[in-house]
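Lettering of chains follows the sequences in order, A, B, ..., and the numbering in each one begins at 1.
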2 protein chains.
Amino acid sequence: MSAAGPKPVSIFDVAKQAGVSHQTVSRVINDAPMVADTTRARVKAAIADLGYRPNRSARTLAGGAVRSVTVFTFDTSLYGTAETLRGIEDAASAAGFTVLISVLDPEQTYTDGDILGRLSHDGAPAIVIAHDETTTQARRILRKAQPGAVVATGDDQLSREPGAADWLVPLDDRVVAKRATRYLLSMGHRTVHYLAMPGKARRQDGWAEALAEVGIEPPEVVQSGWTIGSAAEAAAELVADPGVTAIMCGNDDLAFGVLHAAHRAGRSIPGDLSVIGCDDSPMAAYHVPGLTTVDLDFRGVGRSAFELLRHKLEGGPDPRPSWRSPELVVRETSGPPRQ
Amino acid sequence: MSAAGPKPVSIFDVAKQAGVSHQTVSRVINDAPMVADTTRARVKAAIADLGYRPNRSARTLAGGAVRSVTVFTFDTSLYGTAETLRGIEDAASAAGFTVLISVLDPEQTYTDGDILGRLSHDGAPAIVIAHDETTTQARRILRKAQPGAVVATGDDQLSREPGAADWLVPLDDRVVAKRATRYLLSMGHRTVHYLAMPGKARRQDGWAEALAEVGIEPPEVVQSGWTIGSAAEAAAELVADPGVTAIMCGNDDLAFGVLHAAHRAGRSIPGDLSVIGCDDSPMAAYHVPGLTTVDLDFRGVGRSAFELLRHKLEGGPDPRPSWRSPELVVRETSGPPRQ
DNA sequence: GTATCAACCGTGAGCGCTAACATTTCCTGG
DNA sequence: CCAGGAAATGTTAGCGCTCACGGTTGATAC
């Protein structure tokens, strides 16, 4: 009810005004060749005059080049996903693509139909930011249904299958966590505890592997929610235990929660306890003490994912990877255990 | 190239399989009445059987009920916008709407055509998260072009015009900042300094008004960027000045930057310096010391914005506002000035 | 038995655009 | 001066769906 004003101007209105056929107008708005310069100018004038804007629905319906991406993700307000989304958005809008987002609930399981039904149409291009079970599942469904029009970021067992580079922008969570854990071990800690985000994630695997490498039985994982508060609560017992000297956290937010809990428990950082995060969110450097963490270039990953998708869609030269590789950033929350 | 598999199944394929007309299928997928239960079941079976999924482009083209919203915002990775977007997404996807995002660059100015051209079609529903100049401008353009299909969150001069409640979910930045400044003044501070986010924003106005109320000439505003780092840098001089006893920050992130700068300058909080933020981001409560700030229910605002838009689109009962009103949260970074 | 009116279902048109092909125009060479 | 061909433009069909009708059935009323 009562949407726009009069009626939108269509390609025919422009054609009439410019004294050409609608097809010529179509050619102009698509920058197609085979249009005389004078005609082109006349059409452009008519477009400006009437305030014409092409209807995207009609365009995709008619089978023109697709100019939209659907992004599947969970919780756009987390640092990692927000940054990745931002990277995709940057690249996509620069290329004239529309970005649709579809937020998946990690608590829920989705059928093939649920996922595919969120696309604007069958075969619509999609990017999956896959860092947990639900989104990884979505990626699997989409790849099965339309391998030509989907790429993903993230990491899972199948990433190592041959040809994964064609559709995956790998941000190897496993290796990242492994490296961080090794670093802690190298500082002399007897073992490293792990505070986990909800859902089974690859970072936890990396942590366990690093311990296994040196023959340490991984201690029981402590489960946290997604928020800083839940981490503080979940870690309360852990930080109170004087036997615990090092904690690796699923991400920076959880690490901040642990730091807070440790502060309340009166434990000194890093003397009594080393804490390490993951992501290098902007806060990490400005927290006091500065958080040791792993720098992850989510925005670059998002950009690359879009470029990869576009390459699959439109061909052209292979886009070379353009994101910073993960790097351990040692700050002030980590060090050797006391004595 | 090489998008989907064979060819997508259309409404006609389903019709044929179920032995009905395409229109009956249309009725079923739109939950329209006037379809016999047995027929409905048969059609649903055919839909499941063939894996049919309606094409959204075709639907909107054909003039059916609109089922998408375009969200205009800037920088989806900032706390406030990310949360608002999340709220919109929650409500929208629950209502079966698709969410499109369109990120505007605050550095850029957009023409009417730029903004309107980002809609999927003329008159497409839109929500503007308007907390700065660029997005406020976008809101103005959209309201002029299609008043029936746009709502906004945020605050600006025109919010006070009669009937604004029909299209605005007000998060009164001005009043919020005013209240926070008054609180600081009430603690006995001679004046309050302001660290500003880029662009002219309403929070700054509120701060200035609170000072003016008690006859204080507002000190020069210190400009910061959007990041914590830029805030730390921008505030370096300010925090080093022993005459400065209270700083109000554009948002929590900037406050964290100030806190960091103050720490480096060796000033004690809140003894030497009171710092107050705005947003009550999750970190605020877990920072050490806890950040005094104003709780802003962005997610609730986002949800309400969507409900309001939906009301405009489809009629129905007036949605009553359902977000928490802003509230000052006093923690440990604020107090009376020393002596 | 026939008029009446629901309830149910089908037919045709058209949304705004692009693809594919048909047609016209204009310039070239011999 | 006209064949030949490229450049420029026009024509037709159809993407998948919904809207606005028109038709058909079957129960009820008289």
Trainee: Tell me the interatomic distance from B:K16, atom NZ, to D:dG16, atom P, rounded to whole angstroms.
Mentor: 14 Å

Trainee: Could you state the atom-to-atom distance from CZ of A:R40 to P of D:dA7 in whole Å?
Mentor: 14 Å

Trainee: Can you tell me if A:Y110 uses its side chain to pair, donor with acceptor, with the backbone of A:T135 under 3.5 Å?
Mentor: no

Trainee: Just N and O in the side chain of B:T24: are any of them under 4.0 Å from OP1 or OP2 of C:dG10?
Mentor: yes

Trainee: Rounded to the Å, how far apart are B:M34 CE and D:dT18 P?
Mentor: 18 Å

Trainee: Let me know, please, whether B:V20 or B:A62 comes out on the 5' side of the other along DNA chain C by nearest nucleotide.
Mentor: B:V20

Trainee: Please report, rounded to the nearest Å, how far the C1' atom of D:dG14 is from the CG atom of B:L61.
Mentor: 12 Å

Trainee: From CD1 of A:I11 over to P of C:dC15, roughly how many Å is that when rounded to an integer?
Mentor: 13 Å

Trainee: Between D:dG16, C:dT18, D:dT18, which nucleotide has the shortest distance from any of its atoms to the side chain of B:S10?
Mentor: D:dG16

Trainee: Would you check if the side chain of B:T81 reaches a backbone N or O of B:D75 as a donor-acceptor pair within less than 3.5 Å?
Mentor: yes

Trainee: Donor-acceptor pair, distance only, cut-off 3.5 Å: does the side chain of A:Q146 make one with the backbone of A:A124?
Mentor: yes

Trainee: Any side-chain N or O of B:S26 below 4.0 angstrom from OP1/OP2 of D:dC17?
Mentor: no

Trainee: May I have the distance from B:R59 (atom CZ) to D:dG16 (atom C1'), rounded to whole angstrom?
Mentor: 11 Å

Trainee: Quick one: on DNA chain C, does B:P33 or B:G63 contact a more 5' nucleotide (nearest heavy atom)?
Mentor: B:P33

Trainee: Describe the nucleic acid contact of A:P54 in one word from base, sugar-phosphate, nothing, applying a heavy-atom distance below 4.0 Å.
Mentor: sugar-phosphate

Trainee: Ignoring hydrogens and angles, answer whether the base of D:dT9 and the side-chain atoms of A:H22 contain a donor-acceptor pair closer than 3.5 Å.
Mentor: no

Trainee: Can you tell me how far P of D:dT18 sits from CZ of B:R56, to the nearest Å?
Mentor: 12 Å

Trainee: What does B:T39 touch in the nucleic acid at a heavy-atom separation under 4.0 angstrom: a base, only the sugar-phosphate, or nothing?
Mentor: sugar-phosphate

Trainee: Return the value, rounded to whole Å, for the distance between atom CG of B:N30 and atom P of D:dA20.
Mentor: 13 Å

Trainee: So, are A:R86 and A:D90 salt-bridged, with charged N and O less than 4.0 Å apart?
Mentor: yes

Trainee: Of the nucleotides D:dC17, D:dA8, C:dC17, which has the atom closest to the A:A36 side chain?
Mentor: D:dA8

Trainee: Can you tell me whether the side chain of B:R27 and the base of C:dG10 have a donor-acceptor pair closer than 3.5 Å?
Mentor: yes

Trainee: Answer yes if the side chains of A:S102 and A:R118 hold a donor-acceptor pair under 3.5 Å, and no otherwise.
Mentor: yes

